[in-house]
Number of protein chains: 2
Amino acid sequence: MYWGVKMNLKKKVSLAVVKRLPRYYRYLSDLLKMDIKRISSQELSSRMGITASQIRQDLNCFGGFGQQGYGYNVEYLFNEIGNILGTNNKYQTIIIGAGNMGQALANYTNFEKRGFKIISIFDVDPKLVGTEIRDIEIRDLETLEDFISQNYVDIAMLAVPYEQTPVVAERVAKLGVRGLWNFSPMDLKLPYDVIIENVHLSDSLMVLGYKLNEKFDFTRNDSEKNNDCDF
Amino acid sequence: MYWGVKMNLKKKVSLAVVKRLPRYYRYLSDLLKMDIKRISSQELSSRMGITASQIRQDLNCFGGFGQQGYGYNVEYLFNEIGNILGTNNKYQTIIIGAGNMGQALANYTNFEKRGFKIISIFDVDPKLVGTEIRDIEIRDLETLEDFISQNYVDIAMLAVPYEQTPVVAERVAKLGVRGLWNFSPMDLKLPYDVIIENVHLSDSLMVLGYKLNEKFDFTRNDSEKNNDCDF
DNA sequence: AAATCCTTGTTATTTTTTTGTCAATATTGC
DNA sequence: GCAATATTGACAAAAAAATAACAAGGATTT
């Protein structure tokens with residue numbers, strides 16, 4: 001069947017595959033830096049510690065980037081994955097919360113290289129409001145609504161205390177911000193059309209704890225039980 | 001067959017299950033705070049947005065914590081999962097790198113509540129060395145070897161610049177530190193018996209970017225192509 | 001105390017993900 | 001330019017994960 005237009009038969013790519021893309025991107029970036037021009041799935045496989053089959057299958061979710069008998073052109077593949085991930089887009093980004101985490105995010109210049117341009121930071125602390133981080137002004141959180149209605153804001157990075165997170169998230173989502181990058185240990189749920197990506201640092205740390213326990217013995221220090229339930 | 005000792009027939013729990021545990025722990029913590037005494041897999045299912053079947057199957061990897069016709073006792077289950085995750089252990093932890101990320105980690109008091117006691121911070125900046133964060137002294141990175149050999153250190157949180165990460169990781173691993181929590185966008189690989197847990201912030205952000213592109217159109221700002229490959 | 005209702009733990013089924021295989025085809029060496 | 005080699009993309013098989021189904025048995029109601 002042919003309907004006269006390019007059919008959108010592309011099957012939705014699974015999250016498992018998508019989550020591996022940034023890792024491919026990193027390895028390809030390293031290869032580029034090492035001035036390696038071509039790479040086979042076999043060779044990449046041994047570098048990354050995953051099967052060559054998986055690499056080929058992952059990449060083929062998005063199209064045939066390789067060539068039989070040759071492998072993949074590193075620069076080409078790097079750029080293609082970049083396009084898939086959208087690192088060539090420019091996202092207008094704000095940071096909410098200028099505590100240590102917010103400042104760490106603001107100072108992490110590499111996000112900019114991936115398309116995430118930080119255009120403003122917001123906080124409630126009068127001592128911070130008016131100051132700058134890397135030429136980015138810290139504004140009063142009160143002015144959030146004004147700012148967003150006067151500037152395109154695609155993404156908000158939320159680095160605010162636990163209790164305030166849902167409130168702030170609701171405020172930005174209501175204003176049409178499309179993506180939230182949340183650092184609070186909670187699962188944000190909002191009645192808006194917004195993509196939420198969580199960075200649950202404590203979860204990651206607890207998984208480390210689990211793996212340590214699995215392998216080593218840490219009971220030696222089990223003096224006090226810890227039954228409180230705050231995060 | 002019975003060999004006189006408790007047999008270790010427990011099948012290794014898959015990482016997929018382990019990674020969900022902290023999330024269960026969080027929800028149970030919330031229930032505790034709300035003074036809810038019991039919960040069925042059904043009810044928890046609708047709160048968490050996963051199937052009741054998965055919850056029951058996950059929990060049964062570690063033992064039968066529930067009761068037919070009743071459900072799960074919230075406090076009991078919370079404590080059991082805490083034990084599995086090892087939140088009742090005490091891990092002697094150091095932070096390496098007192099930049100914004102290191103300071104953010106040092107100020108995040110909740111890690112302490114999960115058993116991760118930060119006993120020292122290390123940096124190379126002479127302006128920081130000697131100062132304190134929450135009564136934790138920042139020491140010269142030069143003194144790392146001395147410190148570790150004189151104190152039990154279970155875990156090192158690595159919040160140092162990209163290039164220095166492998167070097168520092170090697171140093172602590174060599175000294176017998178058991179776990180590394182790495183914030184650099186690289187896959188650490190070390191010839192030591194050490195558990196490494198990575199927090200790849202840029203990866204997470206790029207997945208957010210992918211999801212945004214999948215759903216919305218961000219090509220409007222595609223003015224300059226970005227082909228550099230630094231992280 | 002009996003009957004009904006709930007809800008688990010377990011097993012079976014389905015779905016998803018990963019791995020293996022191989023024909024097709026470009027590259028490389030002679 | 002031809003044969004040998006390398007390597008992909010597609011498909012098949014296997015493994016793993018998620019979901020469904022249900023018997024067993026405690027909780028609740030009458």
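Remember, predicted model here, so these are calculated numbers, not experimental data. Throughout, protein chains are lettered first and strands after them, A, B, ... in sequence-line order, and every chain is numbered starting at 1.
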**Prompt:** Can you check ring-ring contact (aromatic ring centres under 6.0 Å, His included) on B:Phe65 and B:Tyr72, steps first, answer last?
**Reply:** CA-CA 7 Å; B:Phe65 303 126; B:Tyr72 299 88; 7.7 Å; no
message: Once you measure the plane-to-plane angle for A:Tyr210 and B:Phe62, does it fall in the parallel (<30°), tilted (30-60°) or perpendicular (>60°) bin?
response: perpendicular
Is the A:Phe111 ring parallel, tilted or perpendicular to the A:Trp181 ring (thresholds 30°, 60°)? perpendicular
Whole angstrom is fine here: how far is it from [atom1] in [X] over to [atom2] in [N]?
{"X": "A:Met48", "N": "C:dT18", "atom1": "CE", "atom2": "C1'", "value": "15 Å"}
{"X": "A:Leu59", "N": "D:dG9", "atom1": "CG", "atom2": "P", "value": "8 Å"}
{"X": "A:Lys19", "N": "C:dT18", "atom1": "NZ", "atom2": "P", "value": "11 Å"}
{"X": "A:Leu15", "N": "C:dT16", "atom1": "CG", "atom2": "P", "value": "13 Å"}
{"X": "B:Gln42", "N": "C:dT8", "atom1": "CD", "atom2": "P", "value": "8 Å"}
{"X": "A:Asn73", "N": "D:dT8", "atom1": "CG", "atom2": "P", "value": "13 Å"}
{"X": "A:Ile50", "N": "C:dT17", "atom1": "CD1", "atom2": "P", "value": "15 Å"}
{"X": "A:Tyr70", "N": "C:dT28", "atom1": "OH", "atom2": "C1'", "value": "13 Å"}

Measuring to OP1 and OP2 of [N], would you say a side-chain N or O of [X] lies under 4.0 angstrom away?
{"X": "A:Ser53", "N": "C:dG20", "value": "no"}
{"X": "B:Gln68", "N": "D:dA24", "value": "no"}
{"X": "B:Arg38", "N": "D:dG26", "value": "no"}
{"X": "A:Ser14", "N": "C:dT16", "value": "no"}
{"X": "B:Gln67", "N": "D:dA27", "value": "yes"}
{"X": "B:Tyr72", "N": "C:dG9", "value": "yes"}
{"X": "A:Thr51", "N": "C:dT19", "value": "yes"}
{"X": "A:Arg56", "N": "D:dC11", "value": "no"}

request  = For B:Arg56 and B:Ser41, test the side chains for any donor-to-acceptor distance below 3.5 angstrom and give the result as yes or no.
outcome  =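 B:Arg56 vs B:Ser41: donor-acceptor pair found between side chains.
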| said: Judged by each residue's nearest nucleotide on DNA chain D, which is more toward the 5′ side, A:Asn60 or A:Gly69? | reply: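 Here A:Gly69 is the residue nearer the 5' end.
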With the side chain defined as heavy atoms from C-beta on, B:Gln54 is closest, among C:dT8, C:dT27, D:dA18, to D:dA18
Out of C:dT8, D:dT7, D:dA12, minimum distance to the side chain of A:Gln57 belongs to D:dA12
- Please test A:Glu43 against A:Arg38 for salt bridge (Lys or Arg N to Asp or Glu O under 4.0 Å), starting from the C-alpha separation and ending with a verdict. CA-CA 10 Å; A:Glu43 166 71 8; A:Arg38 56 184 271 193; over 6 Å; no
